[in-house]
Amino acid sequence: MSIHKEDRERVAWLRDEIDRHNYQYYVLDEPLVPDSEYDRLLRELQGLEHKYPELITPESPTQRVGAKPLAAFGEVQHRLPMLSLDNAFDEHELADFDRRVRERLGIEGEISYAAEPKLDGLAISLRYEDGLLMQAATRGDGSQGEEVTQNVRTIDTVPLRLLGQGWPRVLEVRGEIYIPKSGFNALNERARKAGEKAFANPRNAAAGSLRQLDPRITAKRPLAMYCYGFGEIEGGPLADTHSAAIKRLVAWGLRISPELQVLEGVEACLAYYHGIAERREGLDYDIDGVVFKVDAFAQQQQLGFVSRAPRWAIAQKFPAQEELTRVEAVEFQVGRTGAVTPVARLEPVFVGGVTVSNATLHNMDEVERKDVRVGDTVFVRRAGDVIPEVVRVIPERRPSQTEQITLPTSCPVCGSEVIKPEGEAVARCTGGLFCSAQRGASIKHFASRRAMDIEGLGDKLVDQLVEQGLVHDLADIYSLKKAQLAGLERMAEKSAQNLIDALEKSKQTSLERFLFALGVREVGEATARNLARHFGSLAAIEQAPVEELQTVSDVGPIVASHVAAFFRQSHNLEVIEKLQRAGIQWQEGAPVELPQHPLAGLTFVLTGTLSRPRDEIKAELLALGAKVSGSVSKKTSYVVAGEAAGSKLEKARSLGVEILDEAGLVQVLTQYV
DNA sequence: TTGCCTCGAGATCA
DNA sequence: CTCGAGGCAA
């Protein structure tokens, strides 16, 4: 069927018109027409597209909701990493941040900061190519996230095509996806009426909505987005300042925070923070603080990054919400290494969007400092937004006749002696593998994904295996028979076979995984990898003297002694042998020469009065493979400036060479070494 | 640490 | 229908 010219033109006109109304409504918050008129346009477009399916394009406003559920989310490599922000928890820390920024930039006057509220949602990266939304990805670990394009397309406030003109061919925009409070309440109201479970808080509802495989469900969730930053942009930045660049997004149909402001100096930032804090309740979205960014891109570039966070931005967080509750009990948990940790069992209380019923007390020093007792009324908060924490006891509300919490002399699980070495905070059960708690925890660790990755061997199953005495040491899991498993809960034929298969599959592994899985104290994934690479074979590690172990990067005297002690214990060696007899194997390689000179290629210049003799610092740098020069040139990597530094500092500034104070030097060293 | 989603499979009931 | 496990996000 041929398409009438006027229909084709009408379709194009309708799309422009609908996109324009969306823009007015969502971005500018100034609708031009009543909803009924908007609906009429949309229906007319749907009618025409129904008549001429060949006119349908992915960016048509009728095409937000894809028809088919996904099988799984794909992975996305971020071209520019999605970083996290440093936090400031009080005015003091914010002032420190401002001072550091000015010092690094060598500016006496006030810095311009772009400020906006920090939304409590989840971070997202949108990629537009030739003006069309091609990809939306979650943050993930910062360098690799999940592709959730199908779901993000359903969000009304995210344009499928950029409006206007002048956008770069490739534009990555970053922002926060969230659910407005009003939408959240309506959503939960609906869920309650339908007899479904309500969401605990808007953030989790938003995160859950984005993880739906079926975009039709996502489309029913009232998600929204504000843009606050950038990823890759073809042709470079959109303006000289962050605020100007962000404001350009508006013309292209992207939504930005109406609260965005440029402020001069730290005093203005503080005032802004207090202003937002006062209006917090009235805003239609949850926020957990305010973000300040150095506005000028040139200054941002000069400031650079520290590991995973930019030096040019900070999040000033609101004080964590605190609630009162009662301590029902203090129990002692025994971990994989035997560490005995006091945990407060609390009367469940809703704090910061979740129900908290447990809070670790870390160690006895902490218990004594806070003097927490059973029956106490305490303030609880979520520290750093995540970990529940007992803030303090309200002594006036302590019931009479309470007792101080004391460290048990014997392990609550196995009864072995508990020892707290002088000067150490952590107490330990001496039961070793005799202790079922340690046994269980070490098996769980062994089976975990980053270790041996034995699918199906989860917490509940391990608890059962240990409880029933089917497993005594790590190696025993490989001699489990289907018949033995059959007696356990939720373990019928199929599950048992799956587990046996998973065990079999895990036998092919790598030295680093195996080393990590063994659970040697202080040996995490990174250290296991370093050891494996350095020595190449298990035998070499087993026999290595402490001095040799210490030559491995990241291994100091403490880690080295733990490693050596582990391999001196005969029962550990027996378990390893048993595991190998069970069929665990890996490729043993030749030891890899690790670069002995982590600072190779860097040139330092020392100037001014430093806290130690210059020769001493110089020797250290040389030992790490760096060059130390007497004069500053373009090739100088860093100038380390102490008190009363003179012309060399001047020269460094004029050449744009990075300048470090001693603290900065330590940071750089930890970065490279 | 908690909450959410998804999947597979066991448990339960008609 | 319910549970356990796994994965993700803050």
Side-chain angles (χ1 to χ4, degrees), chain A residues 69-76 82 84-85 87 118-125 137-142 144-148 151 176-179 184 187-188 191 195-215 217-218 221 223 286-289 315 317 320 333 341 343-346 348-362 380-390 444 447-451 453-465 485-499 501-502:
Chain A
L70 250 41
F73 296 115
E75 286 179 349
V76 172
M82 291 180 81
S84 46
L85 290 181
N87 293 319
K118 185 175 194 302
L119 266 75
D120 194 11
L122 63 152
I124 195 87
S125 183
T138 61
R139 190 216 312 272
D141 65 3
Q144 189 182 71
E146 276 183 316
E147 179 177 352
V148 289
N151 288 336
E176 198 85 350
I177 288 189
Y178 67 97
I179 291 186
F184 176 74
L187 183 67
N188 267 354
E196 291 159 18
K197 229 179 109 209
F199 290 101
N201 58 59
R203 205 203 68 73
N204 278 349
S209 301
L210 220 57
R211 298 197 50 71
Q212 294 285 342
L213 290 176
D214 185 349
I217 301 178
T218 311
R221 305 279 170 82
L223 295 164
D286 281 336
I287 57 175
D288 56 3
K317 301 299 261 312
Q333 268 177 1
T341 311
V343 180
R345 306 288 173 203
L346 307 168
V349 58
F350 196 70
V351 196
V354 303
T355 306
V356 168
S357 41
N358 304 305
T360 171
L361 294 167
H362 299 110
V380 172
R381 72 172 170 210
R382 296 214 296 152
D385 288 341
V386 181
I387 315 287
E389 177 188 36
V390 171
K444 286 169 196 169
S448 66
R449 196 166 60 100
R450 295 177 179 288
D453 194 16
I454 305 171
E455 224 172 291
L457 192 52
D459 287 10
K460 296 274 174 176
L461 187 56
V462 171
D463 289 344
Q464 288 188 72
L465 290 172
L485 294 170
L488 305 173
E489 274 169 58
R490 301 197 71 80
M491 262 291 137
E493 166 72 22
K494 183 75 178 165
S495 300
Q497 188 57 50
N498 285 350
L499 179 60
D501 293 347

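By convention in this document, chain letters (A, B, ...) are assigned in the order of the sequence lines, proteins followed by strands, and residues within each chain are numbered from 1.
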Mind checking if [X] touches a base, just sugar-phosphate, or nothing, with heavy atoms under 4.0 Å?
| X | value |
| --- | --- |
| Asn358(A) | sugar-phosphate |
| Gly145(A) | nothing |
| Asn201(A) | nothing |
| Ala205(A) | nothing |
| Lys197(A) | sugar-phosphate |
| Ala207(A) | nothing |

Task: Listed partners of Asp463(A) passing salt bridge (Lys or Arg N to Asp or Glu O under 4.0 Å), at least two apart - done: Lys444(A)
Just jot down the side chain to side chain contact (heavy atoms under 4.5 Å, CB included) partners of [X], sequence neighbours excluded, or say none.
| X | answer |
| --- | --- |
| Arg211(A) | Phe73(A), Glu146(A) |
| Ser357(A) | Pro348(A) |
| Asn87(A) | Phe89(A), Ala315(A), Lys317(A) |

In this structure, how many angstroms lie between the [atom2] atom of [N] and the [atom1] atom of [X], rounded?
| X | N | atom1 | atom2 | answer |
| --- | --- | --- | --- | --- |
| Arg382(A) | dA10(C) | CZ | C1' | 8 Å |
| Leu210(A) | dA10(C) | CG | C1' | 14 Å |
| Asp501(A) | dA5(C) | CG | C1' | 17 Å |
| Ile387(A) | dA9(C) | CD1 | P | 17 Å |
| Leu85(A) | dA10(C) | CG | C1' | 13 Å |
| Phe73(A) | dA9(C) | CZ | P | 10 Å |

Open item on the list: For Leu346(A) versus Ala359(A), what's the shortest heavy-atom pair and its separation?
Closed with: CD1-CB, 4.0 Å
TODO: Under 4.0 Å from any atom of DNA chain B, heavy atoms only: list the residues of residues 350-357 of chain A that qualify, in numerical order.
DONE: Val354(A), Thr355(A), Ser357(A)
Task: Contacts of type ring pair (Phe, Tyr, Trp, His ring centres under 6.0 Å), residue Phe184(A), not counting sequence neighbours - done: none
TODO: Check Leu213(A), Leu223(A), Thr218(A) against Asn151(A) for a side-chain contact (heavy atoms from CB on, under 4.5 Å) and give me the one that passes.
DONE: Thr218(A)
Task: Earlier contact from the 5' end, DNA chain B, for Val386(A) and Ile217(A) - done: Val386(A)
Can you tabulate the close N/O pairs, meaning under 3.5 Å, that link protein atoms to atoms of nucleotides 6-8 of chain C?
from	atom 1	to	atom 2	distance (Å)
dG6(C)	OP1	Gly456(A)	N	2.9
dG7(C)	OP2	Arg449(A)	NE	3.0

Please name all residues satisfying side chain to side chain donor-acceptor pair (under 3.5 Å) with [X], sequence neighbours left out, ordered by chain then number.
| X | value |
| --- | --- |
| Asp459(A) | none |
| Asp501(A) | Gln497(A) |
| Glu196(A) | none |
| Gln333(A) | none |

Open item on the list: Between Glu455(A) (side chain only) and Ala502(A) (backbone N and O only), is there a donor and an acceptor less than 3.5 Å apart?
Closed with: no
Open item on the list: Under 4.0 Å from a heavy atom of chain A: give me the 5'-most and 3'-most nucleotides of DNA chain B that qualify.
Closed with: dT1(B) to dG10(B)
